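This report concerns only the one structure given below.
Values below: all heavy atoms of this structure, side chains included; hydrogens, waters and symmetry mates excluded. Each chain gets a letter, A, B and so on, in the order the sequences are listed, and its residues count up from 1. Since the structure is predicted, the reported quantities are computational estimates derived from the model, not experimental observations.
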There are 2 protein chains.
Amino acid sequence: MNRNMDEVLQHYMAQHGLKSTRQRSLIIDTFFSVGGHLSVEELWNKVREQDIKVSVATVYRTMKLLGECGLAHARNFGDGQTRYEAAAGRHHHDHLICTHCGTIVEFEDDRIEQMQDGVARKHGFTVTSHKMELYGLCRNCQRGGKAKSEA
Amino acid sequence: MNRNMDEVLQHYMAQHGLKSTRQRSLIIDTFFSVGGHLSVEELWNKVREQDIKVSVATVYRTMKLLGECGLAHARNFGDGQTRYEAAAGRHHHDHLICTHCGTIVEFEDDRIEQMQDGVARKHGFTVTSHKMELYGLCRNCQRGGKAKSEA
DNA sequence: CTAAGTGCAAATAGTTTGCATAGCG
DNA sequence: CGCTATGCAAACTATTTGCACTTAG
């Protein structure tokens, strides 16, 4: 976790009367250092490598908090679990998801974003956020590569 | 349900050894005649207006079937439930969702789709499907209109 | 001190499944 | 008839919550 995130978080916590606890710090540190698109359970497992006594409930509560203060975004890639990704200090981006091996690639494209705004305006909407996910086969899986689960 | 959907369904059912039952027909008819983006529970309620004895399990099973044969698409708009929308004979489209009143507007934009393909190609992906959702305020809610739930 | 945070287990919500029975083909 | 579909209730999965206890400020 870099300074910037730390500051944003301290500020937010102060402003909302939130305490900085051992568990919270551990969860947040782990979340930002692992990176990627973590499900709560995955994150919980990582956290428990450091402190076996942290409960899932706390991880859920902490991630909800991170979401509310804008440091993490909750995502739903259709596998039935909510995944979180770091948000602070990052550009908005979208996702390419391989339906075979589960690889997730991030991308950003300004022209598409501009067009989205155009479409929204046409319908009288003011867009505050969006998500775009492209599902298909990654380079490797098109060539008959093995899926993660069969590796 | 129009002829076309009926045919697609009959064909699919025949091909997969599926039976046409009273419950299935009722559920499918209801689904296509109500339209929109129905959650399983909403659909179940509509169905029960006709036949109070149909179980949720059957609605879940039937909608999964419709999804598999391509007549319906499952969507996740972040409210924790899976919603289905009619798919057969319709152009692909995306969604504008009002975060205040819950209104969902459909739109399609070929240029955006083309750009998506371009981006995917750049990353070595072959896209088979995608979803794009724009969240924000609709015209009415920007003017301080009332949300559905407070109406 | 004392309000806020935590762990645990129980509670929810949405969805799936096992099994005995009903019904299409 | 034989196999698939249905209803019901129990099982499951992901997530939330009530409560007694701990802890940061």
Taking D/dG7, D/dT15, D/dT16 as options, the one with an atom nearest any side-chain atom of A/Lys64 is D/dT16
For a quick check of understanding: with a heavy-atom distance under 4.0 Å over all strands, which category does A/Val56 fall into, base, sugar-phosphate or nothing? nothing
Considering residues at least two apart in sequence or located in another chain, which fulfil the side-chain hydrogen bond (donor to acceptor under 3.5 Å, both in side chains) criterion with B/Thr30? none
Those residues at least two apart in sequence (or on a different chain) that pass salt bridge (charged side-chain N to carboxylate O under 4.0 Å, His left out) with A/Asp94 are none
Residues 33-49 of chain B vs salt bridge (charged side-chain N to carboxylate O under 4.0 Å, His left out), sequence neighbours excluded, gives B/Glu42-B/Arg83
By side-chain hydrogen bond (donor to acceptor under 3.5 Å, both in side chains), A/Arg22 pairs with (sequence neighbours left out) A/Asp51
What is the distance, to the nearest angstrom, from the CG atom on B/Leu65 to the P atom on C/dT16? 13 Å
Using C1' atoms of five pairs at each end, report the bend of the helix from C/dC1-D/dG25 to C/dG25-D/dC1 rounded to 10 degrees. 30°
List in numerical order all residues of residues 40-51 of chain B for which some heavy atom is under 4.0 Å away from an atom belonging to DNA chain D. none
Could I get the full list of side-chain contact (heavy atoms from CB on, under 4.5 Å) partners for B/Gln50, not counting sequence neighbours? B/Leu26
Salt bridge (charged side-chain N to carboxylate O under 4.0 Å, His left out) filter on B/Arg111, not counting sequence neighbours, yields B/Asp109
Once base and sugar-phosphate atoms are separated, protein heavy atoms under 4.0 Å mark nucleotides 18-25 of chain D, 5' to 3', with B, S and - as B-----BS
Side-chain heavy-atom pair A/Tyr135, B/Val127 within 4.5 angstrom cut-off: no
Would you mind classifying the nucleic acid contact of A/Thr82 as base, sugar-phosphate or nothing, using non-hydrogen atoms under 4.0 angstrom? sugar-phosphate
From the list D/dA5, C/dG7, D/dG7, which nucleotide is the closest neighbour of the side chain of A/Gln23? C/dG7
What ring-ring contact (aromatic ring centres under 6.0 Å, His included) pairs are there with at least one residue in residues 53-83 of chain A, not counting sequence neighbours? A/His37-A/Phe77, A/Phe77-A/His95
side-chain hydrogen bond (donor to acceptor under 3.5 Å, both in side chains) filter on A/Asp117, not counting sequence neighbours, yields none
Does D/dT6 have OP1 or OP2 sitting under 4.0 Å from an N or O in the side chain of B/Ser55? no
It should be established whether B/Tyr60 places a side-chain nitrogen or oxygen under 4.0 Å from OP1 or OP2 of nucleotide C/dT15. yes
Return the set of residues passing side-chain hydrogen bond (donor to acceptor under 3.5 Å, both in side chains) with A/Thr21 (not counting sequence neighbours), or none when no residue passes. none
